[in-house]
Trainee: 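Below is a structure I'd like to ask you about.
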2 protein chains.
Amino acid sequence: MSLLHQLKSVSIFSSLSERELYEIESYLIGKKYLNGEMVFSSYETARGVFILTEGKVKLYKAFKGKEQTLRIFTPISMLGEAGAFKGEHYPANAIAIENSYLFFLETGNLIKIIERYPKISLKMLGILSERLYHLVNLVENLTLKDAVSRVYEYIKQKTDEKKEVLFKTTLVAMELGLTVETVSRAISTLKKSGKIEKIGKIIKVNR
Amino acid sequence: MSLLHQLKSVSIFSSLSERELYEIESYLIGKKYLNGEMVFSSYETARGVFILTEGKVKLYKAFKGKEQTLRIFTPISMLGEAGAFKGEHYPANAIAIENSYLFFLETGNLIKIIERYPKISLKMLGILSERLYHLVNLVENLTLKDAVSRVYEYIKQKTDEKKEVLFKTTLVAMELGLTVETVSRAISTLKKSGKIEKIGKIIKVNR
DNA sequence: CGAAGACTTGAAATAGATCAAGCGTTGTGG
DNA sequence: CCACAACGCTTGATCTATTTCAAGTCTTCG
């Protein structure tokens with residue numbers, strides 16, 4: 001897929017013409033990140049946003065050897081927006097958890113774009129709002145729901161469109177803020193109660 | 001304090017002239033909320049934002065009889081922005097925890113204002129980003145830090161400007177997502193270790 | 001003044017984490 | 001292409017921080 005085409009799927013740019021996208025493209029700097037490589041950290045000054053076009057990036061907080069995943073990003077997504085619009089530092093850390101490719105867009109240029117194409121600002125407000133919904137949902141899950149129902153809801157949601165889904169315990173544990181062991185136990189509980197079926201790594205919900 | 005004056009302290013309006021504020025004022029509908037009265041709930045469709053000019057409002061999530069506070073708002077603050085820019089429903093519930101006064105501003109009018117005064121959109125992006133920082137911080141506190149250090153950090157932060165601060169166990173427990181008992185125990189631990197002093201309801205940090 | 005609400009302290013319960021060990025899967029380099 | 005090392009998954013046993021339950025004291029204010 002061409003970069004131009006990819007830009008179109010970044011929601012804030014979706015309303016722009018090819019000509020306009022072409023201009024934005026000129027601001028972007030692409031870089032490959034290997035699995036395990038840091039994209040940005042909360043210690044560093046936020047200089048702009050990233051656009052993930054390939055791979056997977058984990059956004060997380062770390063403190064005293066423990067860590068909490070906030071979100072796993074997959075293509076095509078924008079990262080680091082909050083840092084760009086407020087504050088010195090990014091609010092969290094981002095690390096590639098697969099070999100990935102990201103473009104960087106400087107805050108100054110982003111603001112230039114927003115000012116030039118006012119429609120974009122509403123889109124941007126929409127993105128930030130979506131981030132807030134996601135985080136509020138995370139807090140709800142972390143503090144109000146037990147492990148088994150969280151895993152169950154996760155699976156239900158993932159199998160909403162597709163019938164069956166590839167299930168990686170480690171990844172799900174990360175996304176839900178649980179340990180691998182807890183997720184594994186939750187799965188066997190759900191299997192026993194007949195709510196799900198799992199053959200190999202393929203999982204499906206019984207409705 | 002006049003409404004016009006109050007509007008000026010809502011950061012998104014701070015750059016507007018009196019004439020412009022006067023126009024915005026005409027969109028606002030004020031209403032008194034008694035202690036315990038619901039301002040909005042996550043079940044209801046988001047029709048606009050609120051501006052708190054008096055009292056205290058708690059933003060929280062509830063599930064199966066349990067609840068988790070996301071934030072306590074004090075004047076002058078805006079509430080419900082995320083709902084206005086995305087999604088059918090507000091992401092959480094808001095309830096007055098003191099007798100309060102709020103103005104309501106319809107989404108349509110807010111967007112009109114943003115489109116008319118483009119500078120406002122950057123301010124708005126800043127507000128949403130600040131909300132994200134706050135929530136990320138909440139997640140960090142809830143999942144990575146223990147009760148005693150959370151209470152300690154809370155007190156340190158609150159006593160940053162003032163030397164001494166009025167401490168209400170119940171309110172702090174809400175804000176930190178802990179039980180009253182846990183906060184009370186944390187306080188006595190901190191007192192014993194000499195890190196803080198508390199006489200009556202007045203608390204201070206030993207530095 | 002008295003009663004409702006706020007705070008403290010102790011004892012018990014609990015959900016999930018941590019530690020530990022064994023098994024399964026996979027992919028790489030010899 | 002096979003072997004085996006590294007990694008992922010499962011299951012059991014213990015541990016621990018915080019919640020819950022309970023009961024008593026202190027505060028405040030109508």
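Numbers restart at 1 for each chain; the letters A, B, ... are given by sequence-line order, proteins then strands. Note that the structure is a prediction, hence the values are computed from the model and not measured.
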Trainee: In residues 165-172 of chain A, which ones come under 4.0 Å of DNA chain C, going by heavy atoms?
Mentor: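 Heavy-atom cutoff 4.0 Å gives no residues at all.
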Trainee: Are A/Lys61 and B/Val139 side-chain neighbours, meaning at least one heavy-atom pair lies under 4.5 Å?
Mentor: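 They are not in side-chain contact.
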Trainee: Applying ring-ring contact (aromatic ring centres under 6.0 Å, His included), name anything that partners B/Phe104, two or more places apart in sequence or on another chain.
Mentor: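 Here the qualifying residues are B/Phe50.
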Trainee: Once you round it to whole Å, what is the distance between P of D/dA17 and CG of B/Leu142?
Mentor: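 Rounded to whole Å, this separation is 17 Å.
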Trainee: Side-chain atoms of residues 67-80 of chain B: list all donor-acceptor pairs with protein atoms under 3.5 Å, sequence neighbours left out, distances to 0.1 Å.
Mentor:
unit_1	atom_1	unit_2	atom_2	d
B/Glu67	OE2	B/Lys58	NZ	2.7
B/Thr69	OG1	B/Met174	O	3.2
B/Arg71	NH1	B/Glu130	OE1	3.3
B/Arg71	NH2	B/Glu130	OE2	2.9
B/Ser77	OG	B/Thr74	O	2.5

Trainee: Within the distance-only criterion (no hydrogens, no angle test), does the side chain of A/Ser26 pair as donor or acceptor with the backbone N or O of A/Ile24 below 3.5 angstrom?
Mentor: no
Trainee: Please identify each residue that fulfils side chain to side chain contact (heavy atoms under 4.5 Å, CB included) with B/Ile199, with sequence neighbours left out.
Mentor: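 Applying side chain to side chain contact (heavy atoms under 4.5 Å, CB included) to B/Ile199 gives none.
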Trainee: Reading DNA chain C in the 5' to 3' direction, which nucleotide is the first one with an atom under 4.0 Å from a heavy atom of chain B, and which is the last?
Mentor: C/dA6 to C/dA11
Trainee: Would you list the pairs meeting ring pair (Phe, Tyr, Trp, His ring centres under 6.0 Å) in which at least one residue belongs to residues 151-186 of chain A, sequence neighbours left out?
Mentor: none
Trainee: According to side chain to side chain contact (heavy atoms under 4.5 Å, CB included), who are the partners of B/Tyr133, at least two apart in sequence or on a separate chain?
Mentor: A/Ala82, A/Lys86, A/Pro91
Trainee: Tell me the closest heavy-atom pair linking B/Gly36 and B/Ile95, and the distance in Å.
Mentor: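 The pair with the smallest heavy-atom distance is O-CD1, 3.4 Å.
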Trainee: Not counting sequence neighbours, list each pair that qualifies as a ring pair (Phe, Tyr, Trp, His ring centres under 6.0 Å) and has a residue in residues 81-102 of chain B.
Mentor: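 Non-adjacent pairs meeting ring pair (Phe, Tyr, Trp, His ring centres under 6.0 Å): B/Phe40-B/Tyr90, B/Tyr101-B/Phe103.
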Trainee: Show me the donor-acceptor pairs, under 3.5 Å and distance only, between side chains in residues 177-189 of chain B and residues at least two apart or in other chains.
Mentor:
unit_1	atom_1	unit_2	atom_2	d
B/Thr179	OG1	B/Thr182	N	3.3
B/Thr179	OG1	B/Thr182	OG1	2.8
B/Ser188	OG	B/Arg185	O	3.0
B/Thr189	OG1	B/Arg185	O	2.9

Trainee: Mind checking A/Lys198 for me? I need base, sugar-phosphate or nothing, with any heavy atom below 4.0 Å counting as a touch.
Mentor: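 A/Lys198: backbone/sugar contact only, no base atoms under 4.0 Å.
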Trainee: Here's a test of your reading of the structure: between B/Ser184 and A/Ala147, which maps to the more 5' nucleotide of DNA chain C?
Mentor: B/Ser184
Trainee: Thinking salt bridges, do A/Arg131 and A/Glu81 make one under a 4.0 Å N-O criterion?
Mentor: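 Salt bridge present between A/Arg131 and A/Glu81.
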Trainee: Can you list everything that forms a side-chain hydrogen bond (donor to acceptor under 3.5 Å, both in side chains) with B/Asp146? Sequence neighbours excluded, please.
Mentor: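 B/Asp146 satisfies side-chain hydrogen bond (donor to acceptor under 3.5 Å, both in side chains) with B/Ser149 only.
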Trainee: Nearest-Å distance, CD1 (A/Ile203) to P (D/dC9)?
Mentor: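 Those two atoms, CD1 and P, are 11 Å apart.
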Trainee: For the helix from C/dC1-D/dG30 to C/dG30-D/dC1, figure out the bend between the end axes, five pairs an end, and round to 10 degrees.
Mentor: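 What I find for the helix from C/dC1-D/dG30 to C/dG30-D/dC1 is an axis angle of 40°.
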Trainee: Quick one: does any side-chain atom of A/Glu23 pair with a main-chain N or O of A/Glu20 as donor and acceptor, under 3.5 Å?
Mentor: no
Trainee: Quick one: what's the B/S/- string for nucleotides 19-30 of chain D, heavy-atom cutoff under 4.0 Å, read 5' to 3'?
Mentor: BBB---------
